[in-house]
Protein chains: 2
Amino acid sequence: MTFDPDAEIQHDGPITPYRQLADIIRARIARGDWASGQRIATEKDLVQEYGLARSTVRRAIAVLVDDGDVYTVPQRGSYVAEKPESDS
Amino acid sequence: MTFDPDAEIQHDGPITPYRQLADIIRARIARGDWASGQRIATEKDLVQEYGLARSTVRRAIAVLVDDGDVYTVPQRGSYVAEKPESDS
DNA sequence: TCTGATTTGTCCGTATGTATG
DNA sequence: TCATACATACGGACAAATCAG
């Protein structure tokens, strides 16, 4: 993935490929590429689509898991988490 | 690397280890140790070969990058830049 | 049941980037 | 300048579980 210093979403830390990929996946979920409960792209697919190392892809997914956006099932894949609706 | 006040190549500023190393690398490129487009020695190797701190080696490489003699690819290494021939 | 393909889990080695004292 | 530590990233290898046939 091309390093994009003009990426729209900013973070606390430096803009890095794994953070950018995490944002991209989040955006794709929001856009409806994958519905709630559905499996997202495999690590292998993400590696091929974005030209990143698998370790980097895994780090991006780890961010999403940490944020509660997705969850991973060993040997199965990562799925879009069902998030509670915001009442605010 | 031993500080050498009698180094042949002179500079605008004071003679320092990182400037001397930059000169050495330049000379090695000119000599053909590394061809155009090829990766030069890693920072680690240069540290071991010349007995310098890594930060000093990095400063030397930064000089070469600044001069357009080499370019660095994150997580990959530094490469000999393809320089346009001088017609003057 | 067996087999092979798929997919995530883990570990290793290499290399540069950044920060601190 | 030096020494050290940690972060980031790439690439490879192998293990383990799952699933389709």
Side-chain angles (χ1 to χ4, degrees), chain A residues 1-5 7 9-25 28-29 33-34 37-81, chain B residues 1-5 7 11 13-25 28 33-34 37-81:
Chain A
M1 179 172 57
T2 304
F3 180 84
D4 181 6
I9 301 179
Q10 299 301 321
H11 302 84
D12 292 341
I15 298 176
T16 56
Y18 82 87
R19 288 202 177 91
Q20 290 185 41
L21 178 57
D23 286 337
I24 289 173
I25 296 174
R28 291 185 63 176
I29 291 174
D33 279 19
W34 306 294
Q38 273 194 333
R39 199 185 71 167
I40 68 174
T42 65
E43 294 174 358
K44 186 182 180 184
D45 286 340
L46 293 171
V47 164
Q48 293 172 339
E49 285 184 39
Y50 297 100
L52 295 169
R54 191 183 153 213
S55 54
T56 305
V57 168
R58 284 178 61 76
R59 187 167 289 207
I61 293 175
V63 169
L64 301 177
V65 169
D66 196 62
D67 291 347
D69 295 320
V70 308
Y71 62 93
T72 298
V73 180
Q75 279 70 54
R76 296 298 301 131
S78 292
Y79 299 78
V80 179
Chain B
M1 181 169 57
T2 304
F3 180 85
D4 182 6
H11 301 84
I15 298 176
T16 57
Y18 81 88
R19 287 200 178 94
Q20 290 185 38
L21 178 57
D23 286 337
I24 289 173
I25 297 174
R28 291 184 63 177
D33 280 19
W34 305 294
Q38 273 193 332
R39 199 185 73 170
I40 68 173
T42 64
E43 293 174 359
K44 187 182 181 184
D45 287 340
L46 293 172
V47 164
Q48 294 172 339
E49 285 185 39
Y50 297 99
L52 295 169
R54 192 182 153 213
S55 54
T56 304
V57 168
R58 284 176 61 75
R59 285 185 77 178
I61 293 176
V63 169
L64 300 177
V65 170
D66 197 61
D67 289 347
D69 295 320
V70 308
Y71 62 92
T72 298
V73 180
Q75 280 75 52
R76 303 303 300 152
S78 291
Y79 299 77
V80 179

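In what follows, chains are A, B, ... by sequence order, proteins preceding strands, each numbered from 1. Remember, it's a predicted structure, so these values are computed and weren't measured experimentally.
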Report task. Could you give me the CA-CA distance, side-chain angles and deciding distance for B:Leu46 and B:Ile61, then say whether side-chain contact (heavy atoms from CB on, under 4.5 Å) is met? Result -> CA-CA 10 Å; B:Leu46 293 172; B:Ile61 293 176; 4.2 Å; yes
Query - Within residues 37-45 of chain A: residues closer than 4.0 Å to DNA chain C (heavy atoms) - result: A:Arg39, A:Thr42, A:Glu43
Validation: residues 51-60 of chain A side-chain donor-acceptor distances under 3.5 Å, sequence neighbours left out:
from	atom 1	to	atom 2	distance (Å)
A:Arg54	NE	A:Glu43	OE1	2.6
A:Arg54	NH2	A:Glu43	OE1	3.1
A:Arg58	NH1	A:Glu43	OE2	2.7

In a table with atom names and distances, give each donor-acceptor pair under 3.5 Å that connects a side chain of residues 70-79 of chain A to protein atoms at least two apart or in another chain.
from	atom 1	to	atom 2	distance (Å)
A:Thr72	OG1	A:Ser78	OG	2.8

Query raised in the report: For the side-chain contact (heavy atoms from CB on, under 4.5 Å) test, which of A:Ile25, A:Leu64, A:Ile29 pairs with A:Val80?
Result: A:Ile29
Query - Boundaries of the DNA chain C segment in contact with chain B, non-hydrogen, under 4.0 Å - result: C:dA15 to C:dT18
Query raised in the report: Is there a side-chain polar atom (N or O) of A:Tyr18 under 4.0 Å from OP1 or OP2 of D:dT8?
Result: yes
Query raised in the report: What pairs with A:Thr42 under side chain to side chain contact (heavy atoms under 4.5 Å, CB included), at least two apart in sequence or on another chain?
Result: A:Arg39, A:Lys44, A:Asp45
**Report entry** Overall bend - the helix from C:dC2-D:dG21 to C:dG21-D:dC2, comparing terminal axes fitted on five pairs, nearest 10 degrees
**Finding:** 10°
Requested in this report: Enumerate the residues from residues 54-65 of chain A whose closest heavy atom to DNA chain C is under 4.0 Å, giving them by residue number; use none for an empty result.
Outcome: A:Arg54, A:Arg58
Requested in this report: Take atom CD1 of B:Ile15 and atom P of D:dT1, then tell me their distance rounded to the nearest Å.
Outcome: 13 Å
Report task. Using the test side chain to side chain contact (heavy atoms under 4.5 Å, CB included), find all partners of B:Arg28 that sit at least two apart in sequence or belong to another chain. Result -> B:Ile24, B:Arg31, B:Asp33, B:Trp34, B:Glu49, B:Tyr50
Report task. For residues B:Ala81 and B:Gly68, report the shortest heavy-atom separation together with the two atoms involved. Result -> CB-O, 3.3 Å
Query raised in the report: Taking DNA chain D as the partner, which of residues 69-78 of chain A come within under 4.0 angstrom of it by heavy atom?
Result: A:Gln75, A:Arg76
**Report entry** Pairwise side-chain contact, B:Val63 with B:Arg19, heavy-atom cut-off 4.5 Å (strictly under)
**Finding:** no
